[in-house]
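Quantities reported herein were computed from a predicted structural model and do not represent experimental measurements. These values consider heavy atoms only, across backbone and side chains, with no hydrogens, waters or symmetry-generated copies.
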Amino acid sequence: MLSKFFPHIKEKPLSERVKSRDAFIYLDRVMWSFGWTEPENKRWILPYKLWLAFVNIVMLILLPISISIEYLHRFKTFSAGEFLSSLEIGVNMYGSSFKSAFTLIGFKKRQEAKVLLDQLDKRCLSDKERSTVHRYVAMGNFFDILYHIFYSTFVVMNFPYFLLERRHAWRMYFPYIDSDEQFYISSIAECFLMTAAIYMDLCTDVCPLISMLMARCHISLLKQRLRNLRSKPGRTEDEYLEELTECIRDHRLLLDYVDALRPVFSGTIFVQFLLIGTVLGLSMINLMFFSTFWTGVATCLFMFDVSMETFPFCYLCNMIIDDCQEMSNCLFQSDWTSADRRYKSTLVYFLHNLQQPITLTAGGVFPISMQTNLAMVKLAFSVVTVIKQFNLAERFQ
(Lines give C-alpha, C1' and ligand atoms only; values in the text may rest on other atoms or scores of the structure.)
Protein backbone atom coordinates (compact mmCIF):
# COMPACT_ATOMS: atom_id res chain seq x y z
CA MET A 1 0.00 0.00 0.00
CA LEU A 2 2.67 2.51 1.04
CA SER A 3 4.83 1.58 -1.96
CA LYS A 4 2.18 3.05 -4.28
CA PHE A 5 2.83 6.49 -2.80
CA PHE A 6 6.51 5.98 -1.94
CA PRO A 7 7.99 3.68 -4.61
CA HIS A 8 11.53 3.79 -3.20
CA ILE A 9 10.55 1.79 -0.10
CA LYS A 10 10.09 -1.25 -2.36
CA GLU A 11 13.14 -3.25 -3.39
CA LYS A 12 14.01 -2.53 -7.02
CA PRO A 13 14.63 -5.35 -9.51
CA LEU A 14 18.17 -6.05 -10.65
CA SER A 15 17.34 -4.65 -14.08
CA GLU A 16 17.32 -1.16 -12.50
CA ARG A 17 20.51 0.61 -11.44
CA VAL A 18 20.46 1.39 -7.72
CA LYS A 19 23.20 3.09 -5.71
CA SER A 20 23.76 3.07 -1.96
CA ARG A 21 23.18 6.84 -1.86
CA ASP A 22 19.61 6.20 -3.06
CA ALA A 23 18.79 5.19 0.54
CA PHE A 24 18.75 8.94 1.31
CA ILE A 25 16.26 9.96 -1.41
CA TYR A 26 13.32 10.85 0.85
CA LEU A 27 15.56 12.21 3.61
CA ASP A 28 17.40 14.50 1.19
CA ARG A 29 14.10 15.88 -0.10
CA VAL A 30 13.05 16.97 3.40
CA MET A 31 16.51 18.39 4.10
CA TRP A 32 16.36 20.29 0.80
CA SER A 33 13.09 21.92 1.89
CA PHE A 34 14.83 23.25 5.01
CA GLY A 35 17.83 24.55 3.06
CA TRP A 36 20.23 21.93 4.46
CA THR A 37 21.58 20.81 1.09
CA GLU A 38 22.60 22.63 -2.10
CA PRO A 39 20.48 23.55 -5.16
CA GLU A 40 21.25 21.63 -8.34
CA ASN A 41 21.29 24.85 -10.36
CA LYS A 42 24.06 27.15 -9.11
CA ARG A 43 22.17 30.33 -10.05
CA TRP A 44 19.70 29.61 -7.24
CA ILE A 45 22.41 29.53 -4.55
CA LEU A 46 21.72 33.05 -3.21
CA PRO A 47 17.91 32.63 -2.86
CA TYR A 48 18.49 29.19 -1.39
CA LYS A 49 20.95 30.56 1.20
CA LEU A 50 18.46 33.29 2.14
CA TRP A 51 15.78 30.61 2.57
CA LEU A 52 18.22 28.62 4.73
CA ALA A 53 18.84 31.64 6.94
CA PHE A 54 15.14 32.48 7.29
CA VAL A 55 13.98 28.94 8.08
CA ASN A 56 16.72 28.18 10.57
CA ILE A 57 16.43 31.52 12.41
CA VAL A 58 12.70 30.93 12.83
CA MET A 59 12.87 27.21 13.69
CA LEU A 60 16.13 26.90 15.62
CA ILE A 61 16.16 30.21 17.49
CA LEU A 62 12.81 32.01 17.57
CA LEU A 63 10.55 28.95 18.05
CA PRO A 64 12.20 27.71 21.29
CA ILE A 65 12.31 31.28 22.55
CA SER A 66 8.58 31.72 21.86
CA ILE A 67 7.77 28.79 24.15
CA SER A 68 10.00 30.23 26.88
CA ILE A 69 8.37 33.67 26.58
CA GLU A 70 4.95 32.07 26.97
CA TYR A 71 6.03 30.76 30.39
CA LEU A 72 6.91 34.29 31.48
CA HIS A 73 4.01 35.97 29.76
CA ARG A 74 1.15 33.75 30.91
CA PHE A 75 2.55 31.40 33.53
CA LYS A 76 -0.46 31.74 35.86
CA THR A 77 -2.82 30.44 33.18
CA PHE A 78 -1.03 27.09 32.93
CA SER A 79 -2.49 24.04 34.61
CA ALA A 80 0.02 21.48 35.92
CA GLY A 81 -0.66 19.15 32.98
CA GLU A 82 -0.38 21.94 30.43
CA PHE A 83 2.87 23.15 31.97
CA LEU A 84 4.47 19.68 31.91
CA SER A 85 3.27 19.04 28.35
CA SER A 86 4.73 22.35 27.23
CA LEU A 87 7.94 21.86 29.24
CA GLU A 88 8.71 18.43 27.81
CA ILE A 89 8.19 19.80 24.30
CA GLY A 90 10.24 22.91 25.06
CA VAL A 91 13.21 20.96 26.45
CA ASN A 92 13.17 18.63 23.49
CA MET A 93 12.91 21.59 21.10
CA TYR A 94 16.02 23.26 22.51
CA GLY A 95 17.85 19.96 22.07
CA SER A 96 16.50 19.66 18.54
CA SER A 97 17.96 23.08 17.70
CA PHE A 98 21.45 21.91 18.66
CA LYS A 99 20.97 18.59 16.83
CA SER A 100 19.83 20.41 13.70
CA ALA A 101 22.83 22.73 13.87
CA PHE A 102 25.22 19.77 14.06
CA THR A 103 23.48 18.10 11.10
CA LEU A 104 23.55 21.30 9.05
CA ILE A 105 27.24 21.92 9.76
CA GLY A 106 28.04 18.33 8.79
CA PHE A 107 26.65 18.65 5.24
CA LYS A 108 30.06 18.45 3.53
CA LYS A 109 31.06 15.46 5.64
CA ARG A 110 27.88 13.66 4.60
CA GLN A 111 28.63 14.40 0.96
CA GLU A 112 32.13 12.96 1.40
CA ALA A 113 30.58 9.84 2.91
CA LYS A 114 28.27 9.42 -0.10
CA VAL A 115 31.27 9.56 -2.45
CA LEU A 116 32.84 6.73 -0.44
CA LEU A 117 29.58 4.77 -0.77
CA ASP A 118 29.85 5.17 -4.55
CA GLN A 119 33.34 3.64 -4.43
CA LEU A 120 32.07 0.73 -2.34
CA ASP A 121 29.27 0.17 -4.86
CA LYS A 122 31.83 -0.45 -7.60
CA ARG A 123 32.77 -3.70 -5.89
CA CYS A 124 29.20 -5.00 -6.06
CA LEU A 125 29.39 -6.95 -9.31
CA SER A 126 27.43 -10.14 -8.72
CA ASP A 127 23.64 -10.26 -8.71
CA LYS A 128 23.66 -11.44 -5.10
CA GLU A 129 25.66 -8.42 -3.95
CA ARG A 130 23.56 -5.98 -5.96
CA SER A 131 20.40 -7.55 -4.53
CA THR A 132 21.74 -6.93 -1.02
CA VAL A 133 22.36 -3.27 -1.84
CA HIS A 134 18.85 -2.96 -3.32
CA ARG A 135 17.34 -4.46 -0.16
CA TYR A 136 19.20 -2.13 2.20
CA VAL A 137 18.40 0.93 0.06
CA ALA A 138 14.69 0.09 0.20
CA MET A 139 15.02 -0.48 3.96
CA GLY A 140 16.63 2.93 4.46
CA ASN A 141 13.85 4.73 2.60
CA PHE A 142 11.25 2.67 4.46
CA PHE A 143 12.69 3.77 7.82
CA ASP A 144 12.41 7.40 6.73
CA ILE A 145 8.72 7.01 5.84
CA LEU A 146 8.10 5.04 9.04
CA TYR A 147 9.56 7.87 11.12
CA HIS A 148 7.38 10.35 9.25
CA ILE A 149 4.32 8.31 10.22
CA PHE A 150 5.34 8.02 13.88
CA TYR A 151 6.25 11.69 14.28
CA SER A 152 3.25 13.00 12.33
CA THR A 153 0.88 10.92 14.45
CA PHE A 154 1.89 12.95 17.50
CA VAL A 155 0.66 16.17 15.86
CA VAL A 156 -2.45 14.52 14.44
CA MET A 157 -3.41 13.14 17.87
CA ASN A 158 -2.86 16.43 19.69
CA PHE A 159 -4.11 19.19 17.43
CA PRO A 160 -7.76 18.16 16.75
CA TYR A 161 -8.39 17.32 20.41
CA PHE A 162 -7.10 20.63 21.75
CA LEU A 163 -8.83 22.51 18.94
CA LEU A 164 -12.20 21.01 19.90
CA GLU A 165 -11.49 21.77 23.55
CA ARG A 166 -10.62 25.33 22.52
CA ARG A 167 -7.23 25.06 24.18
CA HIS A 168 -3.75 25.53 22.78
CA ALA A 169 -1.84 22.31 22.27
CA TRP A 170 1.70 23.71 22.65
CA ARG A 171 1.32 27.24 24.04
CA MET A 172 3.60 29.34 21.85
CA TYR A 173 3.93 33.12 22.08
CA PHE A 174 3.18 35.14 18.94
CA PRO A 175 3.75 38.92 19.06
CA TYR A 176 0.81 41.10 18.00
CA ILE A 177 -1.57 38.11 18.23
CA ASP A 178 -3.93 37.63 21.16
CA SER A 179 -4.06 33.84 21.51
CA ASP A 180 -7.50 33.99 23.17
CA GLU A 181 -9.28 36.37 20.82
CA GLN A 182 -7.54 35.00 17.71
CA PHE A 183 -7.61 31.41 18.88
CA TYR A 184 -7.90 29.64 15.52
CA ILE A 185 -5.19 31.73 13.85
CA SER A 186 -2.73 31.10 16.68
CA SER A 187 -3.65 27.39 16.86
CA ILE A 188 -3.08 26.86 13.13
CA ALA A 189 0.23 28.73 13.39
CA GLU A 190 1.23 26.46 16.30
CA CYS A 191 0.32 23.35 14.30
CA PHE A 192 2.30 24.51 11.27
CA LEU A 193 5.40 25.37 13.29
CA MET A 194 5.25 22.18 15.34
CA THR A 195 4.93 20.06 12.20
CA ALA A 196 7.98 21.76 10.72
CA ALA A 197 9.85 21.30 14.02
CA ILE A 198 9.20 17.56 14.22
CA TYR A 199 10.23 17.06 10.58
CA MET A 200 13.43 18.96 11.28
CA ASP A 201 14.01 16.77 14.32
CA LEU A 202 13.21 13.74 12.18
CA CYS A 203 16.07 14.60 9.80
CA THR A 204 18.56 14.64 12.67
CA ASP A 205 17.32 11.25 13.91
CA VAL A 206 16.96 9.39 10.60
CA CYS A 207 20.23 10.60 9.04
CA PRO A 208 22.50 8.66 11.46
CA LEU A 209 20.27 5.59 11.24
CA ILE A 210 20.28 5.34 7.44
CA SER A 211 23.99 6.19 7.24
CA MET A 212 25.02 3.38 9.56
CA LEU A 213 22.49 1.06 7.96
CA MET A 214 24.34 1.43 4.64
CA ALA A 215 27.63 0.87 6.49
CA ARG A 216 26.22 -2.42 7.75
CA CYS A 217 25.13 -3.28 4.22
CA HIS A 218 28.70 -3.11 2.96
CA ILE A 219 30.04 -4.83 6.08
CA SER A 220 27.76 -7.79 5.32
CA LEU A 221 29.04 -7.85 1.73
CA LEU A 222 32.63 -7.77 2.95
CA LYS A 223 31.93 -10.68 5.31
CA GLN A 224 30.74 -12.76 2.38
CA ARG A 225 33.85 -11.88 0.35
CA LEU A 226 36.07 -12.89 3.26
CA ARG A 227 34.30 -16.25 3.48
CA ASN A 228 34.94 -16.83 -0.22
CA LEU A 229 38.69 -16.08 -0.15
CA ARG A 230 40.73 -18.80 -1.90
CA SER A 231 37.52 -20.75 -2.59
CA LYS A 232 37.90 -20.67 -6.40
CA PRO A 233 40.33 -23.33 -7.58
CA GLY A 234 42.74 -22.83 -10.46
CA ARG A 235 43.94 -19.36 -9.52
CA THR A 236 47.54 -18.35 -8.92
CA GLU A 237 48.92 -17.14 -5.60
CA ASP A 238 49.20 -13.63 -7.03
CA GLU A 239 45.51 -13.64 -7.90
CA TYR A 240 44.59 -14.87 -4.42
CA LEU A 241 46.73 -12.10 -2.91
CA GLU A 242 45.07 -9.49 -5.11
CA GLU A 243 41.67 -10.76 -3.95
CA LEU A 244 42.74 -10.33 -0.32
CA THR A 245 44.13 -6.87 -1.09
CA GLU A 246 40.77 -5.82 -2.55
CA CYS A 247 39.08 -6.84 0.70
CA ILE A 248 41.61 -4.74 2.63
CA ARG A 249 40.72 -1.76 0.42
CA ASP A 250 37.03 -2.34 1.07
CA HIS A 251 37.66 -2.35 4.80
CA ARG A 252 39.68 0.85 4.53
CA LEU A 253 36.83 2.53 2.64
CA LEU A 254 34.39 1.46 5.35
CA LEU A 255 36.61 2.96 8.03
CA ASP A 256 36.93 6.19 6.03
CA TYR A 257 33.15 6.27 5.60
CA VAL A 258 32.52 5.99 9.34
CA ASP A 259 35.31 8.47 10.14
CA ALA A 260 33.72 11.03 7.82
CA LEU A 261 30.39 10.73 9.65
CA ARG A 262 31.81 10.43 13.16
CA PRO A 263 31.98 14.20 13.97
CA VAL A 264 28.47 14.75 12.56
CA PHE A 265 26.76 12.12 14.69
CA SER A 266 28.89 12.59 17.79
CA GLY A 267 27.31 15.94 18.69
CA THR A 268 23.80 14.91 17.64
CA ILE A 269 23.65 11.78 19.78
CA PHE A 270 25.43 13.50 22.68
CA VAL A 271 22.66 16.11 22.90
CA GLN A 272 20.00 13.42 22.69
CA PHE A 273 21.63 11.33 25.42
CA LEU A 274 21.64 14.37 27.70
CA LEU A 275 17.95 15.06 27.08
CA ILE A 276 16.29 11.66 26.85
CA GLY A 277 16.18 10.93 30.59
CA THR A 278 14.83 14.38 31.50
CA VAL A 279 12.24 14.48 28.73
CA LEU A 280 10.97 10.96 29.42
CA GLY A 281 10.89 11.72 33.16
CA LEU A 282 8.71 14.81 32.64
CA SER A 283 6.47 12.84 30.30
CA MET A 284 6.05 10.00 32.81
CA ILE A 285 5.12 12.47 35.58
CA ASN A 286 2.55 14.09 33.28
CA LEU A 287 1.18 10.68 32.29
CA MET A 288 0.93 9.33 35.84
CA PHE A 289 -0.52 12.35 37.65
CA PHE A 290 -2.01 14.97 35.33
CA SER A 291 -3.21 13.40 32.07
CA THR A 292 -6.71 12.68 30.85
CA PHE A 293 -7.27 9.68 28.59
CA TRP A 294 -6.67 11.56 25.35
CA THR A 295 -3.72 13.61 26.54
CA GLY A 296 -2.31 10.40 28.04
CA VAL A 297 -2.42 8.73 24.62
CA ALA A 298 -0.68 11.74 23.09
CA THR A 299 1.96 11.68 25.86
CA CYS A 300 2.60 7.96 25.25
CA LEU A 301 3.10 8.71 21.56
CA PHE A 302 5.53 11.48 22.45
CA MET A 303 7.49 9.14 24.74
CA PHE A 304 7.61 6.54 21.98
CA ASP A 305 8.91 9.10 19.49
CA VAL A 306 11.57 10.30 21.93
CA SER A 307 12.70 6.70 22.45
CA MET A 308 12.92 6.26 18.67
CA GLU A 309 15.44 9.10 18.53
CA THR A 310 18.18 6.92 20.06
CA PHE A 311 17.07 3.30 20.45
CA PRO A 312 17.23 2.09 16.78
CA PHE A 313 20.56 3.83 16.17
CA CYS A 314 22.14 2.44 19.36
CA TYR A 315 20.85 -1.03 18.52
CA LEU A 316 22.35 -0.75 15.03
CA CYS A 317 25.71 0.31 16.50
CA ASN A 318 25.67 -2.81 18.68
CA MET A 319 24.98 -4.95 15.61
CA ILE A 320 27.92 -3.37 13.76
CA ILE A 321 30.23 -4.17 16.68
CA ASP A 322 29.11 -7.81 16.45
CA ASP A 323 29.60 -7.73 12.68
CA CYS A 324 33.21 -6.63 13.13
CA GLN A 325 33.86 -9.70 15.28
CA GLU A 326 32.21 -11.87 12.65
CA MET A 327 34.42 -10.33 9.93
CA SER A 328 37.57 -11.39 11.76
CA ASN A 329 36.10 -14.88 12.24
CA CYS A 330 35.25 -15.12 8.54
CA LEU A 331 38.81 -14.20 7.58
CA PHE A 332 40.35 -16.62 10.07
CA GLN A 333 38.09 -19.46 8.90
CA SER A 334 38.92 -18.93 5.21
CA ASP A 335 41.21 -21.37 3.41
CA TRP A 336 44.57 -19.73 4.19
CA THR A 337 46.56 -22.68 5.57
CA SER A 338 47.95 -23.66 2.15
CA ALA A 339 48.82 -20.08 1.13
CA ASP A 340 52.33 -18.78 0.59
CA ARG A 341 54.22 -16.56 3.03
CA ARG A 342 53.19 -13.24 1.43
CA TYR A 343 49.52 -14.09 1.69
CA LYS A 344 49.82 -15.22 5.32
CA SER A 345 51.72 -12.12 6.44
CA THR A 346 49.14 -9.89 4.75
CA LEU A 347 46.33 -11.89 6.32
CA VAL A 348 47.82 -11.51 9.83
CA TYR A 349 48.05 -7.75 9.37
CA PHE A 350 44.48 -7.56 8.08
CA LEU A 351 43.18 -9.83 10.85
CA HIS A 352 44.65 -7.52 13.48
CA ASN A 353 42.84 -4.52 11.93
CA LEU A 354 39.55 -6.40 11.68
CA GLN A 355 39.63 -7.18 15.39
CA GLN A 356 39.33 -3.44 16.14
CA PRO A 357 35.54 -2.85 16.27
CA ILE A 358 33.90 0.07 14.48
CA THR A 359 32.52 2.19 17.32
CA LEU A 360 31.07 5.67 17.69
CA THR A 361 31.11 7.95 20.70
CA ALA A 362 28.70 10.71 21.67
CA GLY A 363 30.64 13.91 22.23
CA GLY A 364 33.80 11.87 22.71
CA VAL A 365 32.40 10.85 26.13
CA PHE A 366 29.69 8.18 25.88
CA PRO A 367 30.06 5.07 23.69
CA ILE A 368 27.00 4.86 21.45
CA SER A 369 25.49 1.52 22.42
CA MET A 370 22.38 -0.01 23.95
CA GLN A 371 24.06 -0.04 27.38
CA THR A 372 24.53 3.73 27.30
CA ASN A 373 21.02 4.28 25.98
CA LEU A 374 19.45 2.24 28.78
CA ALA A 375 21.59 4.01 31.37
CA MET A 376 20.29 7.37 30.17
CA VAL A 377 16.67 6.16 30.10
CA LYS A 378 16.96 5.06 33.74
CA LEU A 379 17.29 8.73 34.65
CA ALA A 380 13.58 9.09 33.82
CA PHE A 381 12.66 6.65 36.60
CA SER A 382 14.91 8.55 39.01
CA VAL A 383 13.01 11.77 38.25
CA VAL A 384 9.66 10.05 38.88
CA THR A 385 10.95 8.53 42.14
CA VAL A 386 11.98 11.94 43.46
CA ILE A 387 8.57 13.40 42.60
CA LYS A 388 6.74 10.58 44.38
CA GLN A 389 8.93 10.65 47.50
CA PHE A 390 8.39 14.36 48.08
CA ASN A 391 4.71 14.27 47.02
CA LEU A 392 5.38 17.09 44.60
CA ALA A 393 2.64 15.95 42.23
CA GLU A 394 -0.06 16.36 44.91
CA ARG A 395 1.11 19.88 45.69
CA PHE A 396 0.67 20.93 42.04
CA GLN A 397 -2.74 19.35 41.64
> Taking only residues two or more places apart in sequence or in another chain, which ones pass salt bridge (charged side-chain N to carboxylate O under 4.0 Å, His left out) with K12?
Replying inline: none
> Quick one: do the S68 and Y173 side chains pair a donor with an acceptor below 3.5 Å?
Replying inline: no
>> Within 45 degrees of the ring normal and closer than 6.0 Å to the centroid, is that where the cationic atom of R167 sits relative to F162?
In response: no
>> Nearest 0.5 Å, please: how far is CZ in R249 from CG in L244?
In response: 10.5 Å
> What about the rings of F6 and Y26, do their centers lie closer together than 6.0 Å?
Replying inline: yes
>> Quick one, F102 and V264 - any side-chain contact, counting heavy atoms below 4.5 Å?
In response: no
>> Less than 4.5 Å apart, side chain to side chain, heavy atoms only: is that true for H134 and L14?
In response: yes
> Quick check, are the ring centers of H251 and F350 under 6.0 angstrom apart?
Replying inline: yes
> Do S283 and E88 have side-chain atoms, one donor and one acceptor, less than 3.5 Å apart?
Replying inline: yes
> Going by distance alone, is a donor N or O of one side chain under 3.5 Å from an acceptor N or O of the other, for D28 and W36?
Replying inline: no
>> If you apply the rule side chain to side chain contact (heavy atoms under 4.5 Å, CB included), what do you find for D144 with H148, and how did you get there?
In response: CA-CA 6 Å; D144 183 80; H148 271 86; 3.3 Å; yes
> Between H168 and F183, does the ring centroid distance fall short of 6.0 Å?
Replying inline: yes
>> Let's go through S100 and N56 carefully: what are the C-alpha distance in whole Å and the side-chain angles of both, what is the deciding distance for side chain to side chain contact (heavy atoms under 4.5 Å, CB included) to 0.1 Å, and is it a yes or a no?
In response: CA-CA 9 Å; S100 299; N56 287 277; 5.5 Å; no
> Should the pair R230 and Y343 be classed as cation-pi, given the thresholds of under 6.0 Å to the six-membered ring centre and 45° from the axis?
Replying inline: yes
>> Name the residue from F150, W170, F154 that meets the ring pair (Phe, Tyr, Trp, His ring centres under 6.0 Å) definition with F302.
In response: F154
> Is the ring centre of Y199 less than 6.0 Å from the ring centre of Y151?
Replying inline: no
>> Going by salt bridge (charged side-chain N to carboxylate O under 4.0 Å, His left out), name the residues that satisfy it together with E190, two or more places apart in sequence or in a different chain.
In response: none
>> Salt bridge or not between D323 and R216? Use side-chain N to carboxylate O under 4.0 Å.
In response: yes
> Can you tell if the side chain of C314 reaches within under 4.5 Å of the side chain of T372, non-hydrogen atoms only?
Replying inline: no
>> Determine whether the aromatic ring centres of residues H8 and F142 are separated by less than 6.0 angstrom.
In response: no
